[in-house]
Amino acid sequence: APAAAPHEPARAPGARFAAPEPAPLATPAAVAPVAAYAAQPDSPRPTAAPPTFAYAGFWRRVAAVLIDGILLGIPLFVLQRAAFALLAGDVEPQLFVAGFSIFQLVVTLLYFARWESSAKGATFGKRILGIRVVDESGRRVGFGKALARNLGKILSGAVCGLGYLFAAFTLRKCAWHDSLAGCLVVKAASVPSATHPAQAMGGAICGACGASARPGLAFCTQCGRRLG
């Protein structure tokens, strides 16, 4: 005998057939830990500790400035006397002094900016004293930042040299011109010795744009600045 068909509930005339509701999907066991972790509040992510350096002391910096002053002062003095002897009678003394003072200022600014933005980050006086100029991350500064730092010395010396004295009392031994330019004067031995891969292979790093150059190139291939 044929099997009896299951009993179906009676439908009213004209009523549409209603599809059965789908059963709820079970959450896989592997998804549960991920969902539980996502529900947790965000925890602070560990951040890298800021670099620490051995900052150059006030008197060490003064000694470096004195050495650079001697190295610059002697040639400039000889040049001044020679120029005055050649131009005597042709130029007013006051005009000559004013013109040579401007020339001396420009030479001094270019000297400090050139060598403080070099790979060594130091003038000859700073090299002798074992200190150098870096940015706040310990990296080499570019020529523009080094020039801005030295222009800031005008402000440091404007108020009876008070801006220079800040280097003796602040925590990071910063004078006003250091803080304005975002620079630090540190002991060269405290700067991490790890070099850029290009430097390890004998290349150089552009102080203006930070691009690496192949060994043997004298100019940056990105911005065209002279390296070294």
Side-chain angles (χ1 to χ4, degrees), residues 53-88 91-136 138-191 207-208 226 228:
F53 307 102
Y55 303 107
F58 176 77
W59 294 112
R60 187 186 291 259
R61 294 178 61 168
V62 170
V65 170
L66 290 176
I67 294 174
D68 288 322
I70 294 173
L71 294 176
L72 274 176
I74 293 176
L76 287 174
F77 175 77
V78 174
L79 180 61
Q80 181 187 30
R81 302 308 298 177
F84 184 77
L86 291 174
L87 299 176
V91 180
E92 292 292 333
Q94 294 83 359
L95 183 61
F96 174 81
V97 171
F100 195 86
S101 298
I102 296 174
F103 171 77
Q104 183 175 353
L105 176 62
V106 172
V107 170
T108 303
L109 287 173
L110 293 178
Y111 166 80
F112 279 92
R114 163 65 178 86
W115 291 110
E116 288 175 356
S117 62
S118 65
K120 296 292 184 180
T123 59
F124 291 102
K126 287 183 174 65
R127 291 189 196 183
I128 294 174
L129 273 296
I131 60 178
R132 64 171 297 168
V133 178
V134 296
D135 66 6
E136 294 183 342
R139 297 174 298 185
R140 170 184 173 182
V141 301
F143 181 82
K145 183 181 284 288
L147 182 61
R149 175 182 177 272
N150 285 278
L151 284 172
K153 292 179 179 180
I154 300 174
L155 178 62
S156 293
V159 189
C160 301
L162 183 62
Y164 289 102
L165 292 178
F166 265 60
F169 303 105
T170 56
L171 182 63
R172 299 194 299 174
K173 309 297 182 184
C174 287
W176 286 358
H177 53 276
D178 297 321
S179 300
L180 289 173
C183 296
L184 300 172
V185 182
V186 301
K187 295 181 180 179
S190 68
V191 178
R226 185 176 180 84

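Numbers here are sequence positions counted from 1.
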Between Cys174 and Ser179 the two heavy atoms that sit nearest each other are CB-OG, 3.6 Å
Hits for side chain to side chain contact (heavy atoms under 4.5 Å, CB included) against Val65, two or more places apart or cross-chain, chain-then-number order -> none
For Ile131 and Ala56, the nearest pair of non-hydrogen atoms, with its separation, is CG2-CB, 3.5 Å
Shortest non-hydrogen pair, Pro75 vs Ile70, comes out as CD-O, 4.3 Å
When rounded to the nearest 0.5 Å, the distance separating OG1 of Thr170 from CH2 of Trp176 is 12.0 Å
So the salt bridge (Lys or Arg N to Asp or Glu O under 4.0 Å) pairs with at least one residue in residues 73-88 (sequence neighbours excluded) are none
* Give a yes or no on whether the backbone of Arg114 and the side-chain of Ser117 come within a donor-acceptor separation of less than 3.5 Å. => yes
Those residues at least two apart in sequence (or on a different chain) that pass side chain to side chain contact (heavy atoms under 4.5 Å, CB included) with Leu86 are none
side-chain contact (heavy atoms from CB on, under 4.5 Å) between Leu79 and Phe100, worked out | CA-CA 10 Å; Leu79 180 61; Phe100 195 86; 4.2 Å; yes
Heavy-atom closest pair (Arg132 atom, Ala188 atom, distance to 0.1 Å) is CG-CA, 4.1 Å
Review point. Going by heavy atoms in the side chains, are Trp115 and Lys126 under 4.5 Å from each other?
Key: no
Residues pairing under side-chain hydrogen bond (donor to acceptor under 3.5 Å, both in side chains) where one sits in residues 100-112, two or more places apart or in two chains, turn out to be Asp68-Tyr111
Applied to residues 167-176, the salt bridge (Lys or Arg N to Asp or Glu O under 4.0 Å) test, sequence neighbours excluded, yields Glu136-Arg172
Here the ring-ring contact (aromatic ring centres under 6.0 Å, His included) pairs for residues 58-87, sequence neighbours left out, are Phe84-Phe96
Tightest non-hydrogen contact, residues Ser118 and Arg140, listed as O-NE, 3.3 Å
For Ile128, the side chain to side chain contact (heavy atoms under 4.5 Å, CB included) test, sequence neighbours excluded, returns Ile67
Hey, does Val133 have a side-chain heavy atom less than 4.5 Å from the side chain of Phe112?
no
Applying salt bridge (charged side-chain N to carboxylate O under 4.0 Å, His left out) to Arg139 and not counting sequence neighbours gives Asp135
Note: Phe103 and Leu76 closest approach over all heavy atoms is CE2-CD2, 4.1 Å
Can you give me every donor-acceptor pair (side chain of residues 142-157, partner residue at least two apart or in another chain, under 3.5 Å) with its distance?
from: Lys145; atom 1: NZ; to: Ala181; atom 2: O; distance (Å): 2.9
from: Arg149; atom 1: NE; to: Asp178; atom 2: OD1; distance (Å): 2.7
from: Arg149; atom 1: NH1; to: Glu116; atom 2: OE1; distance (Å): 3.0
from: Arg149; atom 1: NH1; to: Glu116; atom 2: OE2; distance (Å): 3.2
from: Arg149; atom 1: NH2; to: Asp178; atom 2: OD1; distance (Å): 3.1
from: Asn150; atom 1: OD1; to: Lys153; atom 2: NZ; distance (Å): 2.9
from: Asn150; atom 1: ND2; to: Glu116; atom 2: OE1; distance (Å): 3.1
from: Asn150; atom 1: ND2; to: Ala146; atom 2: O; distance (Å): 2.7
from: Ser156; atom 1: OG; to: His177; atom 2: N; distance (Å): 3.2
from: Ser156; atom 1: OG; to: His177; atom 2: ND1; distance (Å): 2.8

